[in-house]
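Both backbone and side-chain heavy atoms feed into the values below; hydrogens, waters and symmetry mates do not.
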Amino acid sequence: MEFLDGGIAEALKESVERSNPRHAANSNDVTQGIHGHLHHFAPGLAGHHSWLNKFVPQLQSLATKYHAGNYVAIRGTNERVFESMPIYARLGMHILFYGREQVKLLEGSKRIEQLLMEQSKREGQIYDSPESRNHIPSFIHTYNIETNELLFPPDSPEYKNFNDFFYRKLKPDARPVQNPHHEFCSAADCRLVVYPAVHDAQTFWIKGDEFTVPALLGLDKSDPLCQALEGGSLASFRLAPSDYHRFHSLADATVINGPRDIPGQYYTVNPQAVNEKNLDVLSANKRSVLLLNHDATNKKIAFIAIGALLVGSIQWTVSVGSKVRRGDELGFFAYGGSTVVAILEPGMVEWDSDLVANSSPPKPGQLGIETMMKVGWSIGKVPDNNK
């Protein structure tokens, strides 16, 4: 307990500070701090992350015991690829979730909540500094960013700091909307799960015992919006740090309410956290809700942008009255991995069958698997009986 609550907490703070260009050990290499991955501990790389041994001498053995990443499905193939976690997500996971005692500690510990909030705000400050521009080339190299998609090249003065690059804009034709007869498209470059009903999501993915639609929306269950969305469909779009971090409308719609900000925590939204039975991270985290009215069905879509560990802020680029088409931008996240959840009224959507198959495994007790997606890719259509 002392080890997880102390050493790893200090390691998280140190990894954040090592992302600061002014840190003595910083060499404009993003893997020296929060973007280090566990393969950097491999034999022959001694010293690359030797500083972590001061705080977490058992991290490698912990990573072996608890898998340090997630499998995702590649659409249109039978391929599953493993994505390792950046070191900050790994540390966040160990602080929060390994063992019932840690969960109990979390639920009663304002100190841990304060730690995550402070480090998230600190990372935002670091990546808003002009010196942080120097991290852009290393970030591109570490995550194989497709620079030919960028509206502005990596060395453009448009990027006044690292955050400007993190929520970079793409060329207008970089994310075309597919399948014009499919009325719904991916809202983000992401890892996606979809469920015909919220209950299905609770069976295969969102395991938090306190998760409900009213809790996620920050409303009483008697609220008319909660009543309208009861039994509705759910899609969860998880953005990794490497992803393009602007989010878009999944349908042709009009903004009718919001954005409404809900204060909360800064827990990691990694699948291992979302799958945790003893804590509902999605409803606990800082989030912001936008309400859309769908043109084709005249029904409502709740679009919830959820912050996470080291996410600086949620920004919207639309407001009440804005009319949006599928694929139009709605807003963006400043630094960090994060998630968008969309909840649609019952009967609005028939999700694409391959996405449903990945999200809802046939064997009882198994968890779903996310599908890698891009903005504009088809995710579903309005059922024929609702047109």
Task: Verify same cluster id: L151, I145 (apolar side-chain graph, 4.5 Å) - done: yes
Open item on the list: Under a plain distance cut-off of 3.5 Å, with no hydrogens placed, do T254 and N293 share a side-chain donor-acceptor pair?
Closed with: no
Task: N/O donor-acceptor pair under 3.5 Å between W351 side chain and I379 backbone - done: no
- [ ] Would you mind reporting whether I262 and S288 have side-chain heavy atoms less than 4.5 Å apart?
- [x] no
Task: Side chain to side chain, V30 and T142, heavy atoms closer than 4.5 Å - done: yes
Open item on the list: Do Y127 and S19 have side chains that approach each other closer than 4.5 Å (heavy atoms only, starting at C-beta)?
Closed with: yes
Open item on the list: Testing F165, F332, F166, Y143 one by one against H245 for a ring pair (Phe, Tyr, Trp, His ring centres under 6.0 Å), which residue passes?
Closed with: F166
Open item on the list: Applying a strict under-4.5 Å side-chain criterion to I, L, V, M, F, W and Y, I'd like to know whether I140 and F152 cluster together.
Closed with: yes
TODO: Would you kindly say whether H135 and S132 are connected by a side-chain donor-acceptor distance under 3.5 Å?
DONE: no
- [ ] Under the side-chain contact (heavy atoms from CB on, under 4.5 Å) rule, what do F184 and H294 come out as? Steps first, then yes or no, please.
- [x] CA-CA 10 Å; F184 299 93; H294 185 221; 3.6 Å; yes
- [ ] Please report the shortest heavy-atom distance between S222 and D220, naming the atom on each side.
- [x] OG-OD2, 2.5 Å
Open item on the list: When you measure from the side chain of R75 to the backbone of M373, do you find a donor-acceptor pair of N or O atoms at a distance under 3.5 Å?
Closed with: no
Task: Contact check, side chains of R122 and E17, non-hydrogen atoms, under 4.5 Å - done: yes
Task: Criterion side-chain contact (heavy atoms from CB on, under 4.5 Å) on F237 and S186, from CA distance to verdict - done: CA-CA 8 Å; F237 310 83; S186 180; 4.0 Å; yes
Open item on the list: If you define the side chain from C-beta out and look only at heavy atoms, does anything of R238 sit under 4.5 Å from E370?
Closed with: yes
Open item on the list: For the CD atom of Q227 and the CG atom of L219, what is their distance to the nearest 0.5 Å?
Closed with: 11.0 Å
Task: Check: L309 main-chain N/O paired with S120 side-chain donor or acceptor under 3.5 Å - done: no
Task: Distance-only polar pair, side chains of D352 and S378, donor-acceptor under 3.5 Å - done: yes
- [ ] Mind listing the closest non-hydrogen atom pair of P346 and A228 along with its distance?
- [x] CD-O, 3.4 Å
- [ ] Indicate yes or no for a side-chain donor-acceptor contact from S360 to the backbone of A357 under 3.5 Å, with no hydrogens or angles considered.
- [x] no
Task: Closest non-hydrogen atom pair, E79 against V81 - done: OE2-CG1, 3.3 Å
Task: Transitive ILVMFWY side-chain link Y159 to L170, under 4.5 Å - done: yes
Task: Heavy-atom closest contact (A251 atom, R326 atom, distance) - done: CA-CG, 3.3 Å
Task: Any Y244 side-chain heavy atom under 4.5 Å of L239 side chain - done: no
Open item on the list: Distance check, rounded to the nearest 0.5 Å: R260 atom CZ versus L217 atom CG?
Closed with: 6.5 Å
- [ ] Write down the atom of Y335, the atom of P241, and the distance for their closest heavy-atom approach.
- [x] OH-CB, 4.2 Å
- [ ] State, without any angle test, whether S27 and D29 hold a side-chain donor-acceptor pair at a distance under 3.5 Å.
- [x] no
TODO: Test F139 against F162 for ring pair (Phe, Tyr, Trp, His ring centres under 6.0 Å), laying out the working first.
DONE: CA-CA 9 Å; F139 186 81; F162 179 83; 5.0 Å; yes
Open item on the list: Whether the side chain of N161 engages the backbone of D128 through a donor-acceptor N/O pair (distance < 3.5 Å, no angle test) should be reported.
Closed with: yes
TODO: Compare all side-chain heavy atoms of T339 with those of S236 and state whether any distance is below 4.5 angstrom.
DONE: yes
TODO: Give the cluster check for Y167 versus L330: same hydrophobic cluster or not, with ILVMFWY residues linked at side-chain heavy-atom distances below 4.5 Å.
DONE: no
TODO: Calculate, to the nearest 0.5 Å, the distance between atoms CD1 and CD1 belonging to I306 and I314 respectively.
DONE: 8.0 Å
Open item on the list: Can a donor-acceptor pair be found, under 3.5 Å and without considering hydrogens, that links the side chain of D189 to the backbone of V375?
Closed with: yes
- [ ] Inspect the surroundings of CD in Q178 and state if more than 12 heavy atoms from other residues, nucleotides or ligands are less than 6.0 Å away.
- [x] yes
- [ ] Evaluate the salt bridge (charged side-chain N to carboxylate O under 4.0 Å, His left out) criterion for residues R191 and E83: first the C-alpha distance (whole Å), next the side-chain angles of each, then the deciding distance (0.1 Å), finally the verdict.
- [x] CA-CA 11 Å; R191 293 115 190 89; E83 293 188 316; 2.8 Å; yes
Task: Between CD1 on residue I126 and NZ on residue K121, distance to nearest 0.5 Å - done: 15.0 Å
- [ ] First locate atom NZ of K381, then atom CD of E350, and finally report the distance between them rounded to the nearest 0.5 Å.
- [x] 5.0 Å
Open item on the list: Please evaluate residues E149 and K171 with respect to the criterion salt bridge (charged side-chain N to carboxylate O under 4.0 Å, His left out), reporting the C-alpha separation (whole Å), side-chain torsions for both, the decisive distance (0.1 Å), and the verdict.
Closed with: CA-CA 6 Å; E149 298 179 336; K171 294 175 181 176; over 6 Å; no
Task: Under 3.5 Å donor-acceptor, N358 side chain and T371 backbone - done: no
Open item on the list: Using only atom types and a distance under 3.5 Å, with no angle test, would you say the side chain of Y195 pairs donor to acceptor with the backbone of S233?
Closed with: no
Open item on the list: Any non-hydrogen side-chain atom of L216 less than 4.5 Å from a side-chain atom of R287?
Closed with: yes
- [ ] Establish whether V349 and L355 are linked, either directly or via other cluster members, by ILVMFWY side-chain heavy-atom contacts under 4.5 Å.
- [x] yes
Open item on the list: So, taking the atom named OG in S129 and the one named CG in N20, what distance separates them when rounded to the nearest 0.5 Å?
Closed with: 6.5 Å
Open item on the list: Donor-acceptor check, side chain of S322 to backbone of V318, threshold 3.5 angstrom: yes or no?
Closed with: no
- [ ] Dump the intermediate steps for side-chain contact (heavy atoms from CB on, under 4.5 Å) on L250 and H248, then the final yes or no.
- [x] CA-CA 6 Å; L250 69 165; H248 297 246; over 6 Å; no
Task: Pair E123, Q119: side-chain N/O donor-acceptor within cut-off below 3.5 Å - done: no
- [ ] Take the angle between the ring planes of F303 and F247 and call it parallel below 30°, perpendicular above 60°, tilted in between.
- [x] tilted
Open item on the list: Tell me whether N285 contacts the main-chain N or O of G307 through its side chain, where contact means a donor paired with an acceptor under 3.5 Å.
Closed with: yes
Task: Side-chain donor-acceptor contact under 3.5 Å, D328 with S249 - done: no
Task: Closest approach of V340 to A305 (non-hydrogen atoms, all atoms of both residues) - done: CG2-CA, 4.3 Å
TODO: Take R246 and R175, measure what side-chain contact (heavy atoms from CB on, under 4.5 Å) needs, and give me the verdict at the end.
DONE: CA-CA 12 Å; R246 291 177 181 263; R175 294 292 183 271; over 6 Å; no
